[in-house]
Amino acid sequence: MYSIAIDGPAGAGKSTIAKTIAQRLEFIYVDTGAMYRAMALYFIRNGVDAKDETAINAACEKIHVGIAYEDGTQQVLLNGENVTGLIRTEEVGNMASKTSAYPKVRATLLDLQRDLAKKADILMDGRDIGTHVLPNADLKIYLTASSKVRAKRRYDELIAKGEEADLDQIEQDIIIRDKQDMEREIAPLKQADDAVLVDSSDMTIEEVVSCVVEEFEKVK
Ligand code: DC
């Protein structure tokens with residue numbers, strides 16, 4: 001069984017790239033950010049303060065995150081409820097970034113993530129997959145892009161959806177999120193020593209996909 005870990009900052013295009021590669025290689029795609037987002041949704045719904053670690057820890061006891069697949073697409077279950085359509089907001093993303101710094105939050109998800117990798121060929125994306133979750137992954141990719149490029153991609157997505165967007169504000173938010181994810185004590189976002197660095201700033205999706213598939217062919 002093979003495992004591929006893709007880590008990198010918010011907006012680097014991990015999920016788009018990961019989904020395409022997983023399809024091509026016939027691997028199961030696991031989006032770990034969605035699991036942190038499901039927990040964040042629980043905290044928001046229940047008025048748990050992101051700064052109150054005791055309250056967060058108590059809430060973790062009441063959370064069960066599960067994963068299911070519908071037509072090959074990952075669904076995230078929060079205490080049995082399919083919350084996949086509710087977790088892609090900025091509010092949930094920010095809450096996930098803040099609360100994922102707590103050991104108990106990370107421990108709640110670690111076993112689930114590792115168990116998934118025992119069952120099938122998987123491609124897992126997140127922040128700490130190559131460094132912590134799957135330290136023995138067959139291939140580790142650190143996918144990044146400049147904050148300007150990441151902000152512009154996000155801006156274009158919002159405009160395409162007919163939403164309002166402020167490019168500078170988006171870039172500021174991305175910089176804050178990077179800082180939170182990289183400077184936390186436990187399992188911070190960083191490139192694993194044995195990861196291949198891919199900077200997608202000047203690459204198309206297809207170029208990144210081909211590059212990762214080529215890297216996989218080398219280690220297979
Ligand atoms: O990739 P994303 O935007 O869906 O992730 C949301 C947050 O979850 C991210 O800011 C940090 C956290 N996260 C994490 O700490 N570890 C992971 N493996 C994946 C996400």
Side-chain angles (χ1 to χ4, degrees), residues 3-19 21-22 28-44 48 50 53 56 59-60 63 65 67 73-78 83-117 122-135 137 140-145 147 150-151 153-155 157-158 170-192 195 200:
S3 55
I4 301 178
I6 302 188
D7 291 299
K14 290 190 301 292
S15 62
T16 311
I17 302 292
K19 267 182 217 155
I21 298 168
I28 302 271
Y29 168 51
V30 180
D31 169 3
T32 61
M35 300 177 190
Y36 287 95
R37 286 172 182 265
M39 293 190 75
L41 181 65
Y42 181 95
F43 301 138
I44 293 169
V48 182
E53 187 170 1
I56 295 275
C60 284
I63 300 178
V65 176
I67 292 289
T73 309
Q74 176 182 293
Q75 308 291 315
V76 189
L77 308 177
L78 172 61
V83 295
T84 313
L86 304 174
I87 55 175
R88 292 285 145 212
T89 64
E90 290 304 305
E91 186 193 16
V92 173
N94 287 330
M95 186 65 154
S97 179
K98 285 187 193 132
T99 53
S100 60
Y102 294 121
K104 178 107 184 186
V105 172
R106 305 202 71 79
T108 305
L109 298 176
L110 189 63
D111 288 345
L112 168 65
Q113 293 167 355
R114 288 192 174 149
D115 282 349
L116 287 165
I122 55 146
L123 192 159
M124 193 175 280
D125 80 5
R127 301 293 187 286
D128 63 334
I129 310 307
T131 51
H132 283 88
V133 180
L134 304 177
K140 299 178 185 177
I141 301 287
Y142 190 82
L143 181 65
T144 189
S147 59
R150 289 185 281 138
R153 288 178 187 159
R154 179 82 187 123
Y155 174 86
E157 257 172 38
L158 290 169
I170 294 173
E171 190 180 359
Q172 282 318 306
D173 290 346
I174 281 182
I175 292 169
I176 293 171
R177 181 97 86 85
D178 285 356
K179 203 170 143 56
Q180 261 167 210
D181 293 348
M182 288 173 179
E183 292 183 359
R184 68 173 178 232
E185 252 166 69
I186 301 161
L189 169 63
K190 76 171 173 69
Q191 186 183 339
S200 73

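Note that ligands are numbered from 1 as they come in the structure, with each ligand's atoms numbered from 1 the same way. No hydrogens, no waters, no symmetry mates; every other heavy atom, side chains included, goes into these values.
Residues Thr131 and Lys190 are in side-chain contact: their nearest non-hydrogen atoms beyond the backbone lie under 4.5 Å apart.
The only option from Thr32, Val65, Ile67 that meets the side chain to side chain contact (heavy atoms under 4.5 Å, CB included) definition with Gln113 turns out to be Thr32.
Every residue two or more places apart in sequence or in another chain that forms a side chain to side chain contact (heavy atoms under 4.5 Å, CB included) with Ala195 is listed here: Lys140, Tyr142, Gln191, Ala192. When the side chain to side chain contact (heavy atoms under 4.5 Å, CB included) test is applied to Thr16, the partners found at least two apart in sequence or on another chain are Ile205. Remark: Ser147 pairs with Arg150, Glu171, Ile174, Ile175 by the side chain to side chain contact (heavy atoms under 4.5 Å, CB included) rule, at least two apart or across chains.
Protein residues having a heavy atom under 4.0 Å from any atom of ligand 1 are Thr32, Gly33, Tyr36, Arg37, Arg88, Ala96, Ser97, Ser100, Arg106, Gly126, Arg127, Asp128, Ile129, Arg177, Asp181, Arg184, listed by chain and number.
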_Intermediate values then yes/no, side-chain hydrogen bond (donor to acceptor under 3.5 Å, both in side chains), Ser97 and Gln180_ = CA-CA 7 Å; Ser97 179; Gln180 261 167 210; 2.6 Å; yes
